[in-house]
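The structure under discussion appears below in the form of structure tokens.
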Amino acid sequence: MTEVFHWLRRPRETEAERERAALTSQLRETRCAIQRTYLQFNSTGDPDLIDAAVFQLKAEQARYSYLLRRLKNLDRPAEALKAE
């Protein structure tokens, strides 16, 4: 019976923890997408597909940089953000 109510005693996740988990998951997905695009780029010889892969790679790299920047900003103290 105590196991049934174990989840009641578990500390609740904060908003920052949920956001950190979501960002980490998105970073992992974006990293996989970048790897897939590299494979696509390396396996094609068609100039149009090469161009498409380059554009896709640039977009995914920009998304990865954005997500990483957001994750780093979560770890910064609120006072440091006010000072900027």
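Keep in mind it's a predicted model, so treat the numbers as computed, not measured.
- Heavy atoms only, all atoms of each residue included: Arg20 and Leu71 are closest at CG-CD1, 3.6 Å.
- The structure places NZ of Lys58 at 13.0 Å from CD of Gln56, a figure rounded to the nearest 0.5 Å.
- Two residues are said to be in side-chain contact when any heavy atoms from C-beta on lie closer than 4.5 Å; Arg63 and Gln26 meet this criterion.
- With rounding to the nearest 0.5 angstrom, the OG1 atom of Thr30 is 11.5 Å from the OH atom of Tyr66.
- A distance of 6.0 Å separates OG1 in Thr37 from CD in Gln40, rounded to the nearest 0.5 Å.
- Scanning both residues, Leu67 and Leu27, for their nearest heavy atoms gives CB-CD2, 3.6 Å.
- Between the side chain of Thr44 and the main chain of Phe41, no donor-acceptor pair closer than 3.5 Å is present.
- In this structure the side chain of Arg70 never reaches within 4.5 angstrom of the side chain of Asn73, judged on heavy atoms.
- Glu60 contributes no side-chain N or O that, together with a main-chain N or O of Leu57, makes up a donor-acceptor pair within less than 3.5 Å.
- Residues Lys72 and Arg69 are not in side-chain contact: their nearest non-hydrogen atoms beyond the backbone lie 4.5 Å or more apart.
- Under the 4.5 Å side-chain heavy-atom criterion for Ile, Leu, Val, Met, Phe, Trp and Tyr, Leu39 and Ile50 are members of distinct hydrophobic clusters.
- Under the 4.5 Å side-chain heavy-atom criterion for grouping Ile, Leu, Val, Met, Phe, Trp and Tyr, Tyr38 is not connected to Leu49 through any hydrophobic cluster.
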